[in-house]
Amino acid sequence: VQFEEMTGRENQFGLYVSDRWQVNEKLTVNLGLRMESYPLFSRANRGLEVLDLATFNVALGGVGGNSDTLGLEASTALFAPRVGVAYRVNDDTVVRGGFGRTFNPMPWSRPIRDPYPLVIAYGAAGANGFVPVGTLASGIPGAPNPPIATGNVLLPRGVNMRTPEVGNVDRGTIDSWNVFVERRLPLDLAVSAGYVATATRGGYADINLNYAERGGNTARQYFTQAGNANILLWGSFAEANYHSLQMALNRPFKNGLLLKGAYTWSKALNMVDDDGRAVVTWSQPSQFARNYAYAGYDRPHMLQLGFVYELPFAREASGVLPLLIKHWQINGIGSWLSGTPFTVGGDNGLLQQQAGQQTANVSGELSGGFGEAGPDEPWYDPLQFSQPGNAWGNSGRNAFRGPSNWNLDFSLFRAFPVGRYRLEFRAEAANVFNHAQWGNPVTGLTDPNFMRIRTLARAPRTVQLGLRFQF
């Protein structure tokens, strides 16, 4: 139920100074410093909402004698340095490096747009997964009418709440650094190779305080006050790291040919994939360390190559045959990508944890590609997986990886220039070879298709025809 109109008032201020210093003919240094200020977010007519876990009262900032901030502190006078260095070894070789700090600029209006009493999100469940919460005849309880003018409203049992953590909402840091070597080669080619890294500290995320280590809903930490509702504590605690080798090949469009290619060998680890409005997989203290694992978007290997080539036939010739064979152009983008990670969960039938995830037990060494990627053979050996029973399971978040895929998008252009006008016919095909590019396998242990692949990572071939008129 939308009880109040969602409003938000937020400002972000920044001041940046930079300087470029040409030390000598070979060395150039760039320096920068950014000062940022993030005044505290508020509603249109009051402050934010903070839940008191001792009383389960929700305090409304600036209402009923409450302070405007409710103890929340803004991030002001934040200083983010940047430095870049370029050294020209010779006319064909340059070495570059840099470091930069960024403070998380996420608008708070996205993650904390709908806490109680703005939105009344009610839910209920039985004592465990085998007990119903009620009957259809009893219906759904009526929505409460919170007296917001008092400045303190009791959070009803069964209503979800997201509350900022007082003392832990500072803007997190994102530090990035890189070192590259660039080299110019014959045939107008340029190559580069370098190390790129990013470290995030203090990303915004949620912990569900109403968890149960085991024992079903009645064992939740706040079952008496909240039932099975999600009581989310929102703060800046998430971490992420990224390290990579990046290589590139480039040729500018010259004499009818353009090349652009890139290869990345990388590793991405995090606690949550989304920044700002995401709950960690495990809110339980005993399992919390398991949240830090491969990111859901981690792909160790990515190779991509694009080209544009104007066919050189009869460019300046005239006559019937040249008219047929000149002004053709072919284009393509090819890629080869590693698969993405996934998790295999347990059925939670015996453990009955809440606000976390039970994962499958795995025996022995696993290898993706146990069978051929596709619907007929399992991607991993299903016999190596089992239900963990009354335990959490020994496999982790994103512990398994789906199949790699390659693809080619191709297009053919034919131009008809007439004076300053140009008509161009285009035939474009995505996944031109129309080969199956398989997604991740079925992960339900009790599913008869467990570990068989039933989805595609990319659609079958699509072809589109078009005309472009340039004047």
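Numbers here simply count residues along the sequence, with the first being 1.
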Between R162 and W234, which heavy-atom pair has the shortest distance, and what is it?
CG-CB, 4.0 Å
Minimum heavy-atom distance between R82 and G100, given as atom pair plus value
CG-CA, 3.8 Å
Please tabulate, for the side chains in residues 112-122, all donor-acceptor contacts under 3.5 angstrom to protein atoms that are two or more places apart in sequence or on a different chain.
unit_1: R113; atom_1: NH1; unit_2: R110; atom_2: O; d: 2.8
unit_1: D114; atom_1: OD1; unit_2: R277; atom_2: NH1; d: 3.2
unit_1: D114; atom_1: OD1; unit_2: R277; atom_2: NH2; d: 3.3
unit_1: D114; atom_1: OD2; unit_2: R277; atom_2: NH2; d: 2.8

Where do N57 and D52 land on the side chain to side chain donor-acceptor pair (under 3.5 Å) test, with the steps shown first?
CA-CA 5 Å; N57 280 326; D52 184 344; over 6 Å; no
Measure across D347 and Q358 and return the closest heavy-atom pair with its distance rounded to 0.1 Å.
N-OE1, 3.5 Å
Going by an N to O cut-off under 4.0 Å, is there a salt bridge joining D298 and R401?
yes
N30 (side chain) donor-acceptor with S18 (main chain) under 3.5 angstrom:
no
Going by side chain to side chain donor-acceptor pair (under 3.5 Å), R201 matches just one of N241, N104, T173, D175. Which one?
N241
Check the pair N440, T340 against side chain to side chain donor-acceptor pair (under 3.5 Å), reporting the backbone distance first and the verdict last.
CA-CA 8 Å; N440 288 343; T340 55; 3.3 Å; yes
Can you name the closest pair of heavy atoms from T455 and W438 and give their distance?
O-CE3, 3.6 Å
Which pairs pass side-chain hydrogen bond (donor to acceptor under 3.5 Å, both in side chains) with one or both residues in residues 374-387, sequence neighbours excluded?
none
Specify the closest pair of heavy atoms between P164 and V50, including all atoms of both residues, with the distance to one decimal.
CG-CG2, 4.1 Å
With a 6.0 Å cut-off on the ring centroids, do F288 and Y211 count as close?
no
Tell me whether S266 contacts the main-chain N or O of R299 through its side chain, where contact means a donor paired with an acceptor under 3.5 Å.
yes
Is the Lys NZ or Arg CZ of R171 less than 6.0 Å from the centre of Y38's six-membered ring, within 45° of the axis?
yes
Could you give the distance from OH (Y242) to OG1 (T200), rounded to the nearest 0.5 Å?
12.5 Å
For a side chain to side chain contact (heavy atoms under 4.5 Å, CB included) with L53, tell me which candidate from L233, I231, T163 qualifies.
I231
Distance in Å, L33 CG paired with Y16 OH, rounded so as to fall on 0.5 Å steps
8.5 Å
Test side chain to side chain contact (heavy atoms under 4.5 Å, CB included), reference W392, set N361, T359, L351, output is L351
So which heavy atom on N390 is nearest to which on L350, and how close?
OD1-O, 3.4 Å
Please tabulate, one pair per line, all N/O donor-acceptor pairs under 3.5 Å involving side-chain atoms of residues 135-159, not counting sequence neighbours.
unit_1: T135; atom_1: OG1; unit_2: S138; atom_2: N; d: 3.2
unit_1: T135; atom_1: OG1; unit_2: S138; atom_2: OG; d: 3.4
unit_1: S138; atom_1: OG; unit_2: T135; atom_2: N; d: 3.4
unit_1: S138; atom_1: OG; unit_2: T135; atom_2: O; d: 2.7
unit_1: T150; atom_1: OG1; unit_2: P147; atom_2: O; d: 2.8
unit_1: T150; atom_1: OG1; unit_2: N152; atom_2: N; d: 3.4
unit_1: T150; atom_1: OG1; unit_2: N152; atom_2: O; d: 2.9
unit_1: R157; atom_1: NE; unit_2: F223; atom_2: O; d: 3.2
unit_1: R157; atom_1: NE; unit_2: T224; atom_2: O; d: 3.1
unit_1: R157; atom_1: NH2; unit_2: F223; atom_2: O; d: 2.9

Step by step, work out the side chain to side chain donor-acceptor pair (under 3.5 Å) result for N407 and D409.
CA-CA 7 Å; N407 180 71; D409 297 334; 3.0 Å; yes
Would you please indicate yes or no on a ring centroid separation below 6.0 angstrom for Y222 and F56?
yes
Greater than 12 external heavy atoms within 6.0 Å of L269's CG:
yes
When rounded to the nearest 0.5 angstrom, what distance separates OG1 in T443 from CG in L445?
8.5 Å
From N230 atom CG to Q354 atom CD, the distance as rounded to the nearest 0.5 Å:
10.0 Å
Mind running side chain to side chain donor-acceptor pair (under 3.5 Å) on N449 and R454 for me, showing each step along the way?
CA-CA 8 Å; N449 291 312; R454 291 289 186 264; 2.8 Å; yes
